[in-house]
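Let me begin by presenting the structure, written as C-alpha cells, before commenting on it.
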Amino acid sequence: MILQTVLLFGPPGSGKGTQAKRLEISLRAVHISTGDMFRDHLSRRTELGLKIENLLKSGQLVPDTVTNEMVRDRLLRPDVALGTLLDGFPRNIVQARWLELLLGSRGYGIRGVIAMNVPHEQLIDRLKGRALKEGRADDADEAVIRRRLDTYGAQTEACLGFYKEAKKPVHSIDGVGSVDEVTARILKALGAA
Ligand code: AMP
C-alpha cells in the first residue's frame, strides 16, 4: 500500500489549522503542523524552544535543517501509518525537495496539494482577531504579520510551482466562506467528498 500525504498551503490566517483539524477526521490522516510543534517547544521551554523563540516572535522562518530534522523525527512515529496531512511544511523549495526525498524513501505518495486563497485584507483582519482570541504573539503585531505574508509570497508560494512541475495534483481552493463550505471544497478537490 502506498501511504498518502496531503499538503496544505495557504498564507497565515487562511484557515489551514482550522481545516486541518476537520480534514484529519474525514481523511483519517494525522495532522502535522510544524507551527504547532514549534509553539509546543516554546511553551515547554525546551532547548529547541529557546533557540527558535525570537524567530517565531518576529515571524521569520526557522532554519531548514532544524525544521527538517523535527519533521523527520515526527514522520518516524508509528501513528503516521494511515497517512499524513502536512500543515505549514514545506515552506520553501529547499524543504520541498528534502520532503520529496524523504517521502520517496518511505514509500509515501502525495495525494493532493491544497492551496487556500484568501484576500490579503481579510487575512490581516482574521489574524488580528486570532491574536485577541488565542494570544499568539506573532499575530498581534502588524509588522510581523506583514513579514509572514511577505515570506509566504516570496518563498512558500514557489512550492506550488514545484509541485505543478512535478505533476502532482495541485488544487486551488477559495478560502472565503464558512468553515463547512471550505472543508467541502477541499474534500471535493481531493475526491473524498
Ligand atoms: P504557522 O503556525 O504555520 O504560521 O507557523 C508559525 C511559525 O513557526 C512561523 O512563522 C515560523 O517561524 C515557524 N515555522 C512553521 N513552519 C515552518 C517551516 N516549515 N519552516 C520554517 N519555519 C516554520
Side-chain angles (χ1 to χ4, degrees), residues 1-12 14-41 46 48 52 56 61-117 148 151-175 179 182-193:
M1 185 181 75
I2 295 191
L3 300 171
Q4 296 282 6
T5 191
V6 171
L7 308 182
L8 206 48
F9 284 92
S14 59
K16 293 191 302 291
T18 304
Q19 291 300 329
K21 286 193 187 85
R22 308 175 119 229
L23 295 169
E24 187 173 29
I25 298 165
S26 309
L27 299 173
R28 288 207 228 130
V30 178
H31 173 206
I32 297 177
S33 155
T34 42
D36 285 351
M37 291 168 83
F38 285 133
R39 278 185 290 280
D40 178 55
H41 276 282
T46 64
L48 173 60
I52 61 168
L56 249 72
L61 293 185
V62 173
D64 295 331
T65 46
V66 175
T67 309
N68 292 354
E69 196 179 321
M70 183 178 76
V71 170
R72 192 196 54 219
D73 289 349
R74 180 66 189 86
L75 290 176
L76 278 174
R77 301 219 325 242
D79 63 330
V80 301
L82 284 175
T84 57
L85 181 60
L86 291 184
D87 156 11
F89 187 88
R91 263 321 211 264
N92 60 29
I93 292 286
V94 172
Q95 293 182 5
R97 291 213 178 97
W98 178 88
L99 181 67
E100 274 300 285
L101 294 176
L102 185 82
L103 294 179
S105 72
R106 299 274 165 81
Y108 265 78
I110 290 183
R111 173 171 180 177
V113 179
I114 301 293
M116 300 192 26
N117 301 309
R148 287 159 63 212
T151 303
Y152 185 82
Q155 299 190 44
T156 310
E157 260 174 0
C159 296
L160 297 173
F162 171 85
Y163 288 114
K164 280 181 194 154
E165 258 174 47
K167 304 269 184 280
K168 304 290 184 211
V170 178
H171 308 283
S172 184
I173 300 289
D174 177 6
V179 174
V182 178
T183 308
R185 286 176 202 144
I186 297 173
L187 289 174
K188 190 168 169 216
L190 292 171

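Numbers here simply count residues along the sequence, with the first being 1.
Residues passing the salt bridge (charged side-chain N to carboxylate O under 4.0 Å, His left out) test with Asp36, sequence neighbours excluded: Arg39. Taking Arg28 as the reference, nothing meets the salt bridge (charged side-chain N to carboxylate O under 4.0 Å, His left out) condition, with sequence neighbours excluded. A search for side-chain hydrogen bond (donor to acceptor under 3.5 Å, both in side chains) contacts involving Thr84 returns Thr5, not counting sequence neighbours. Contacts of Asn68 classified as side-chain hydrogen bond (donor to acceptor under 3.5 Å, both in side chains), with partners at least two apart in sequence or in another chain: none.
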For side-chain contact (heavy atoms from CB on, under 4.5 Å), just list the numbers for Ile114 and Leu23, CA-CA rounded to whole Å, side-chain angles, deciding distance to a tenth of an Å, and then say yes or no. CA-CA 12 Å; Ile114 301 293; Leu23 295 169; 6.0 Å; no
Give the C-alpha distance, both sets of side-chain angles, the deciding distance and a yes or no for side-chain contact (heavy atoms from CB on, under 4.5 Å) between Leu102 and Tyr108. CA-CA 8 Å; Leu102 185 82; Tyr108 265 78; over 6 Å; no
For a side-chain contact (heavy atoms from CB on, under 4.5 Å) check, start with the C-alpha distance between Leu85 and Leu7, then their side-chain angles and the critical distance, and finish with the verdict. CA-CA 6 Å; Leu85 181 60; Leu7 308 182; over 6 Å; no
CA sep, side-chain torsions, deciding dist, call: His171, Arg185, side-chain contact (heavy atoms from CB on, under 4.5 Å): CA-CA 10 Å; His171 308 283; Arg185 286 176 202 144; over 6 Å; no
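With 3.5 Å as the limit, one finds no donor-acceptor pair spanning the side chains of Asp174 and Asn117.
Side-chain contact between Val66 and Leu48: present, with at least one pair of heavy atoms (C-beta onward) separated by less than 4.5 Å. The side-chain heavy atoms of Ile110 and Glu100, taken from C-beta on, include a pair separated by under 4.5 Å.
For Leu61 against Asn92, the heavy-atom pair with the smallest separation is CD1-ND2, 4.3 Å. Residues Ala192 and Leu27 share a closest heavy-atom pair of CB-CD2, 3.8 Å. For Phe9 against Lys16, the heavy-atom pair with the smallest separation is C-CD, 3.8 Å. The two residues Lys168 and Val113 come nearest to each other via the heavy atoms CB-CG2, 4.4 Å. Of all heavy-atom pairs spanning His31 and Ala20, the tightest one is NE2-CB, 3.3 Å. Between Leu99 and Pro90, the shortest heavy-atom distance links the atoms CD2-CD, 3.9 Å.
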Side-chain atoms of residues 152-160: list all donor-acceptor pairs with protein atoms under 3.5 Å, sequence neighbours left out, distances to 0.1 Å.
residue : atom : partner : partner atom : Å
Tyr152  : OH   : Gly10   : N            : 3.1
Thr156  : OG1  : Arg91   : O            : 2.8

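Note that the CD1 atom of Ile186 and the NZ atom of Lys188 stand 13.5 Å from one another [nearest 0.5 Å]. One finds the CD1 atom of Ile52 at 7.0 Å from the CE atom of Met70 (value rounded to the nearest 0.5 Å). Here the straight-line distance linking atom CG of Leu86 with atom CG of Leu103 works out to 7.0 Å at 0.5 Å rounding. The distance from the CD atom of Gln19 to the OG1 atom of Thr183 is 3.5 Å, given to the nearest 0.5 Å. Distance check, rounded to the nearest 0.5 Å: NZ of Lys21 to OG of Ser26 gives 14.0 Å.
Counting only residues at least two apart or on different chains, the salt bridge (Lys or Arg N to Asp or Glu O under 4.0 Å) pairs with a member in residues 77-86 are Arg74-Asp79.
Under a 3.5 Å cut-off, the side chain of Glu24 and the backbone N or O of Val30 do not form any donor-acceptor pair.
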